[in-house]
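The structure under discussion appears below in the form of structure tokens.
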Number of protein chains: 2
Amino acid sequence: MVKLVGHLGADREQIAAFAFEGDVLVVPAHVSTPHTLHALEDSVVHFLRSDDLLPKGRPAMGAGQLLDRILADLGRSRELSALLGRKSARERICGFLVEMEKRIGRRENGAVILDLPMSRREIGDHLGLTIETVSRQLTDLRERSAIATCGRSRIDILDPQGLRALAGSVD
Amino acid sequence: MVKLVGHLGADREQIAAFAFEGDVLVVPAHVSTPHTLHALEDSVVHFLRSDDLLPKGRPAMGAGQLLDRILADLGRSRELSALLGRKSARERICGFLVEMEKRIGRRENGAVILDLPMSRREIGDHLGLTIETVSRQLTDLRERSAIATCGRSRIDILDPQGLRALAGSVD
DNA sequence: CGACATATTGATAGACCTCAAGAGAAGTGG
DNA sequence: CCACTTCTCTTGAGGTCTATCAATATGTCG
């Protein structure tokens, strides 16, 4: 039996999964939470690189790329588990904003503009928080001038670096 | 943009993931938290059945089975996210015990015996709880006669059905 | 402009964490 | 086999963060 551990720094750990005989465990790479594998008892583990899982000469958007994206999905899921298991409301909101910045942010003279297609409720349901807590955290960040808000769906990230620091990740 | 929602009953929802253009999203099946997909804005979504991802005539333990197990890993990760995002300490511990029962439980005249290879700290790090909370919850369950403990690693599940109810899942 | 949904703000309560002490289990060496 | 040490687990008291409940404000759309 082995455990897959995500490291959040400062002795904070999130065990993403336990694996038993016969299980396949995907160790995420290229995520902001470093992961390591530890045996809890004598174990035999076979390692495969995801690169080696499928044929080399890849057709454009073939099975290989599909597998890559499935593994990316799994990586985000691990990241979410670490966030939900070990982070404060402040860190969750900042982590969420940082991820949204990476995925749908538009640069515009210094700031990064986010047009969020989801409501506060949906943000809360994603981060394991209530809408009130989401709202209060955004207010705090606004008062710290880390972000600015405009209407319901637009958030301008004024201090991306500060946000990353508040997100409490390692990277 | 679409959202993948896990339903925990009683209006509790965990949004497992948001997906943007080009993303692949795995919708878990055969997990205890039912998941549904919702569009947040006009979207075009292509659906693939995991069965159709790889060649039919499967060699024993070939690529097809490997993919199945990767998807199983992802399913457990989604389940963990729902647990971490929306469940109380009591529900987390019971959910954990139910999963361990399924994976390493031995039946023995009525009860189910668990020899847990992990420490309280590791259970806590998995469930997003402190060791103290884990310990207190186990004490409560012992006092309710849902479980019995013997030494550090052995837990006997006396009331599997009651445990499932306390786990707060839908299935 | 008016009506409704969504978001913000405030007051309170509760679940879980933190800190601290003690009990129990497991290993070591005589 | 029994001290002795060490680590893990349990139990208790108090504090903190977030949820809950309630009211108000703001945004959106007809």
Side-chain angles (χ1 to χ4, degrees), chain A residues 3 8 10-15 38 40-41 83-97 114-144 147-156 166-168, chain B residues 3 8 10-15 38 40-41 83-97 114-144 147-156 166-168:
Chain A
K3 62 175 178 179
L8 300 166
D11 285 337
R12 285 197 295 181
E13 297 191 344
Q14 172 64 39
I15 299 184
H38 302 260
L40 299 184
E41 51 193 13
L83 179 148
L84 294 172
R86 284 294 173 223
K87 291 193 178 180
S88 67
R90 157 75 31 88
E91 292 172 318
R92 293 181 199 199
I93 292 288
C94 292
F96 172 75
L97 291 175
L114 295 182
D115 274 305
L116 296 179
M118 70 286 279
S119 67
R120 299 286 187 269
R121 164 158 300 284
E122 288 168 322
I123 295 173
D125 282 343
H126 186 49
L127 301 178
L129 301 170
T130 60
I131 52 175
E132 293 94 331
T133 298
V134 171
S135 185
R136 276 187 256 268
Q137 292 297 332
L138 290 177
T139 299
D140 281 5
L141 291 175
R142 200 183 314 121
E143 287 169 355
R144 289 160 168 257
I147 64 171
T149 56
C150 177
R152 282 178 181 167
S153 63
R154 175 169 164 177
I155 293 181
D156 294 6
L166 291 174
Chain B
K3 62 176 180 179
L8 301 164
D11 286 338
R12 285 198 294 181
E13 297 192 344
Q14 172 65 39
I15 299 185
H38 302 260
L40 299 184
E41 50 193 14
L83 180 149
L84 294 171
R86 284 293 175 226
K87 290 192 179 181
S88 66
R90 157 74 32 87
E91 292 172 317
R92 294 182 198 198
I93 292 289
C94 292
F96 173 75
L97 291 175
L114 295 182
D115 274 305
L116 295 179
M118 70 285 280
S119 66
R120 299 285 187 269
R121 164 157 300 284
E122 288 169 320
I123 295 174
D125 282 344
H126 186 49
L127 302 178
L129 300 171
T130 61
I131 52 176
E132 294 94 331
T133 298
V134 172
S135 185
R136 275 185 257 267
Q137 292 296 333
L138 290 177
T139 299
D140 280 5
L141 290 175
R142 200 183 314 117
E143 288 170 354
R144 288 161 169 256
I147 65 171
T149 57
C150 177
R152 281 177 182 168
S153 62
R154 175 169 163 177
I155 293 181
D156 294 6
L166 291 174

Length of the line joining [X]:[atom1] and [N]:[atom2], which is rounded to integer Å:
X	N	atom1	atom2	result
B:L116	C:dA25	CG	C1'	16 Å
A:R154	D:dG27	CZ	C1'	16 Å
A:D140	C:dT9	CG	C1'	12 Å
A:D125	C:dT6	CG	C1'	14 Å
A:D11	C:dC17	CG	P	16 Å
B:L127	C:dA15	CG	C1'	16 Å
A:D115	D:dG27	CG	C1'	15 Å
A:R121	C:dT8	CZ	C1'	14 Å

Between A:G128 and B:R86, the two heavy atoms sitting closest are C-NH1, 3.7 Å
Are side-chain heavy atoms of [X] and [Y] found at a separation under 4.5 Å?
X	Y	result
B:L114	B:R154	no
A:D125	B:Q14	no
B:L166	B:R144	yes

When rounded to the nearest 0.5 Å, the distance separating OG of A:S135 from CZ of A:R121 is 12.5 Å
Ion pair check, A:D140 and A:R142, cut-off under 4.0 Å: no
In B/S/- notation, 5' to 3', how is nucleotides 10-20 of chain D contacted by protein heavy atoms closer than 4.0 Å? BBBB----SSB
